[in-house]
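Worksheet for the structure shown next.
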Amino acid sequence: NAILAFENQVLLPSPANYELNLWTKRYSGGAWADDSTAVPVGSPFSCLNCPSISGVRLKVNALGQAVIAWFAPSNTVTDSVPLWAARTNASGGWETQLINSGDPDFFDSGNLPDAGIDNQGNIAIVWSPSTSTNNSNIFLSRYAAGSGWSPTEAIESYTGSAQLQRIAMNDTGNFMTVWMQFENTL
């Protein structure tokens with residue numbers, strides 16, 4: 001079994017020039033699902049000359065539950081690029097959550113997010129947004145099955161820049177995060 005995530009762009013008449021959405025398809029029983037069964041992740045958004053979806057990370061646990069994290073423009077957030085996440089639900093669809101609506105200091109999507117999911121459906125997502133001062137810190141958001149999303153927390157705030165973060169999560173929810181740390185000295 002497998003899951004494929006992909007961006008879909010649809011040209012629109014003015015005032016927006018296209019609509020973006022993230023979609024998924026499942027591979028099961030030796031075949032990919034046909035296009036009519038592709039599942040949208042979240043609501044589509046319309047924009048004029050906005051960046052496309054980026055940094056898509058998809059992780060699946062041993063039970064077939066999945067999490068996707070990605071950066072995407074928003075209909076409501078105009079001065080930064082928000083981080084989104086979605087998890088599979090019992091009906092086979094997706095439950096989408098805005099993880100970080102961005103900060104005016106975050107001028108771009110930073111480094112690709114990374115995500116992990118255990119066999120109970122608990123999720124951890126890490127990312128590193130760049131700021132206007134070219135510093136970046138590592139942030140963590142967690143989802144506890146049955147409880148929901150917890151507030152975002154900084155897990156690295158050294159004065160140098162941090163990036164290329166990765167997370168590994170085992171079946172029981174233990175996770176470890178690693179990243180590359182830069183010193184601001186010559």
Side-chain angles (χ1 to χ4, degrees), residues 1-12 16-47 50-77 80-102 106 108-129 138-143 145 148-149 152 163-171 173 175 177:
N1 291 339
I3 299 175
L4 169 71
F6 58 95
E7 177 183 319
N8 185 39
Q9 293 185 7
V10 178
L11 291 175
L12 298 174
N17 60 354
Y18 57 91
E19 179 179 83
L20 299 172
N21 203 358
L22 187 62
W23 290 76
T24 60
K25 288 175 66 169
R26 284 197 177 261
Y27 179 87
S28 181
W32 285 100
D34 64 37
D35 287 342
S36 67
T37 62
V39 179
V41 180
S43 299
F45 47 90
S46 303
C47 55
C50 64
S52 63
I53 293 169
S54 67
V56 177
R57 290 282 197 211
L58 170 66
K59 297 288 179 82
V60 181
N61 67 16
L63 303 175
Q65 299 168 320
V67 59
I68 301 175
W70 73 97
F71 291 108
S74 166
N75 288 327
T76 58
V77 179
S80 64
V81 181
L83 174 66
W84 300 84
R87 64 183 191 86
T88 51
N89 59 29
S91 65
W94 294 90
E95 293 179 11
T96 304
Q97 175 73 31
L98 176 63
I99 299 297
N100 186 317
S101 62
F106 296 170
D108 68 19
S109 58
N111 292 286
L112 301 178
D114 201 11
I117 184 169
D118 70 11
N119 283 344
Q120 290 74 44
N122 299 308
I123 296 167
I125 297 173
V126 292
W127 78 99
S128 173
I138 307 295
F139 290 88
L140 169 72
S141 286
R142 288 187 267 191
Y143 175 86
W149 290 93
T152 296
Q163 59 184 327
L164 302 175
Q165 64 288 337
R166 295 294 177 261
I167 191 165
M169 183 178 243
N170 69 12
D171 293 343
F175 65 88
T177 301

Using a 4.5 Å cut-off on heavy atoms from C-beta on, say whether the side chain of [Y] contacts that of [X].
X    : Y    : answer
V126 : F139 : no
D114 : I125 : no
Q97  : I123 : no
I99  : W149 : yes
T152 : W127 : yes

Nearest 0.5 Å please: distance from the [atom1] atom of [X] over to the [atom2] atom of [Y].
X    : Y    : atom1 : atom2 : answer
R87  : I68  : CZ    : CD1   : 13.0 Å
F175 : L140 : CZ    : CG    : 5.0 Å
L83  : S141 : CG    : OG    : 7.0 Å
S128 : Q163 : OG    : CD    : 6.5 Å
R166 : I138 : CZ    : CD1   : 10.0 Å

Taking [Y]'s backbone N and O only, do any of them form a donor-acceptor pair with [X]'s side chain (distance below 3.5 Å, no angle check)?
X    : Y    : value
K25  : L4   : no
N61  : I117 : no
D118 : N170 : no
R57  : P113 : yes

Minimal non-hydrogen separation, [X] against [Y], with atom names:
X    : Y    : value
Q120 : D171 : OE1-O, 3.3 Å
N122 : A145 : OD1-N, 2.8 Å
G64  : I3   : O-CD1, 4.4 Å
L58  : A5   : CD2-N, 4.3 Å
G121 : Y143 : O-CD2, 3.6 Å
A62  : N119 : N-OD1, 3.4 Å

> Do W94 and T24 have side-chain atoms, one donor and one acceptor, less than 3.5 Å apart?
Replying inline: yes
